[in-house]
Amino acid sequence: GESVGLHLPTLSVQEGDNSIINCAYSNSASDYFIWYKQESGKGPQFIIDIRSNMDKRQGQRVTVLLNKTVKHLSLQIAATQPGDSAVYFCADEEGGGFKTIFGAGTRLFVKA
Amino acid sequence: NAGVTQTPKFQVLKTGQSMTLQCAQDMNHEYMSWYRQDPGMGLRLIHYSVGAGITDQGEVPNGYNVSRSTTEDFPLRLLSAAPSQTSVYFCASSYSSGQRGGHNTGELFFGEGSRLTVL
């Protein structure tokens, strides 16, 4: 079956440093991936997405990299700020977009 | 736009009781889904719907029923609550494949969550 997982449950970075959050997936047919940020007590919020026909996509201070060969994607956050402290989830679609399956999440701590 | 609205935000039930979590969206999204989130785990898909009148099971459907009589509403019913159903429940909606394009992505729009405790 499909699984979407994250390598590390927690990540601690210094304010101003870059953060890298990793994610592995198992379904070779997955073609659409999304990163979400969840702050305490709130629902997840969309950060950035990427399709399988791309290797890299950039947003504001965030970059997602996709390596289809090893079925791995990462979220890079530049100049990490205290407001970036949250749990980050990778997710992928299956069933033609009907279902979105989430990984377990990585909690990012930003040290001042 | 209100986005995705869930009610109630908090609920305490006794084992065996039934209840319905309400979810409504005003974005004309065809896709809607329910997730549960337990400590130390990600979001697990309970049920989803690709349009009015169409529902299907997700990863953890047992003990839950859904219906989709309108595009806007997607209630989740707990038939006979069990302590294992203590969790935070999130409703989400998104554009269908046919609705995407331009600025419309596959992004899930989530409600604020409903925290359910079953004693």
Side-chain angles (χ1 to χ4, degrees), chain A residues 1-10 21-27 30-54 57 59 62 64 66 75 86-107, chain B residues 2-6 9-10 21 23 25 27 29-51 54-61 68 88-101 103-115:
Chain A
E2 175 184 341
S3 68
V4 180
L6 293 166
H7 292 312
L8 295 173
T10 62
I21 301 171
N22 295 304
C23 182
Y25 64 95
S26 60
N27 188 348
S30 296
D31 63 359
Y32 183 58
F33 304 88
I34 307 177
W35 282 98
Y36 289 89
K37 173 185 180 183
Q38 185 178 28
E39 297 176 330
S40 181
K42 296 184 177 181
Q45 287 188 302
F46 173 91
I47 302 173
I48 191 168
D49 60 355
I50 189 168
R51 291 214 166 269
S52 59
N53 60 354
M54 303 173 70
R57 190 153 191 237
V62 295
V64 55
L66 176 62
L75 177 71
V87 177
Y88 290 82
F89 295 98
C90 65
D92 74 335
E93 283 190 343
E94 67 174 42
F98 301 159
K99 303 190 290 185
T100 299
I101 304 299
F102 283 77
T106 291
R107 183 173 295 279
Chain B
V4 179
T5 303
Q6 284 182 239
K9 286 185 168 44
F10 300 94
L21 298 177
C23 177
Q25 54 93 9
M27 296 172 280
H29 288 165
E30 291 186 354
Y31 289 176
M32 294 188 74
S33 49
W34 276 101
Y35 290 85
R36 60 177 287 174
Q37 185 173 31
D38 302 309
M41 301 186 73
L43 288 87
R44 292 185 291 171
L45 181 64
I46 305 172
H47 284 285
Y48 64 99
S49 168
V50 300
I54 306 171
T55 64
D56 207 343
Q57 297 181 348
E59 302 170 277
V60 288
R68 185 95 179 272
V88 180
Y89 292 84
F90 288 99
C91 179
S93 70
S94 66
Y95 291 109
S96 66
S97 301
Q99 292 177 308
R100 297 181 195 181
H103 296 292
N104 295 349
T105 69
E107 169 187 359
L108 289 173
F109 292 80
F110 284 88
E112 290 293 306
S114 299
R115 183 175 294 275

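Below, chain A is the first sequence line, B the second, and so on; all start at residue 1. Below, all heavy atoms of this structure are taken into account, side chains as well, without hydrogens, waters or symmetry copies.
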Open item on the list: Quick check: closest heavy atoms across B:Phe110 and A:Pro44, and the distance to 0.1 Å?
Closed with: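 Heavy atoms only, the tightest pair is CD1-O, 3.3 Å.
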
TODO: Report the distance from atom OH of A:Tyr36 to atom CG of B:Leu43, rounding to the nearest 0.5 Å.
DONE: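 Between atom OH of A:Tyr36 and atom CG of B:Leu43 there are 10.0 Å.
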
- [ ] Measure the CD-CD1 distance between B:Glu59 and A:Ile101 for me, rounded to the nearest 0.5 Å.
- [x]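 Going from the CD atom of B:Glu59 to the CD1 atom of A:Ile101 covers 4.0 Å.
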
- [ ] Please determine, among B:Glu112, B:Gln6, B:Gln37, the option with the most heavy-atom pairs under 4.5 Å with chain A.
- [x]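 Among B:Glu112, B:Gln6, B:Gln37, the one with the most close pairs to chain A is B:Gln37.
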
- [ ] Find the one option among B:Glu30, B:Arg44, B:Glu107 whose heavy-atom pairs under 4.5 Å with chain A are most numerous.
- [x]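 The option with the most such pairs is B:Glu107.
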
Open item on the list: Heavy-atom cut-off 4.5 Å, strictly under: side chain, backbone, both or neither for A:Gln45 against chain B?
Closed with: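 When you check distances to chain B, no heavy atom of A:Gln45 falls under 4.5 Å.
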
Task: Non-neighbouring partners of A:Glu39 that pass salt bridge (charged side-chain N to carboxylate O under 4.0 Å, His left out), sequence neighbours left out - done: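 Testing A:Glu39 for salt bridge (charged side-chain N to carboxylate O under 4.0 Å, His left out), a comparison that skips the adjacent residues, returns A:Lys37, A:Lys42.
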
Open item on the list: Please classify the contact between B:Leu45 and chain A as side chain, backbone, both or neither, with a heavy-atom cut-off of under 4.5 Å.
Closed with: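 Just its side chain gets close to chain A.
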
Task: Side chains of B:Tyr31 and A:Thr100 in contact at under 4.5 Å (non-hydrogen atoms) - done: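 Contact flag for B:Tyr31/A:Thr100 side chains = no.
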
Open item on the list: I'd like to know if the side chain of B:Tyr35 reaches the main chain of A:Phe102, judged simply by a donor and an acceptor atom lying under 3.5 Å from each other, with no hydrogens or angles considered.
Closed with: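 No: the side chain of B:Tyr35 does not pair with the backbone of A:Phe102.
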
Task: Pairing residues for B:Tyr48 by the ring pair (Phe, Tyr, Trp, His ring centres under 6.0 Å) criterion, not counting sequence neighbours - done: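 With neighbours one apart ignored, the set is empty.
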
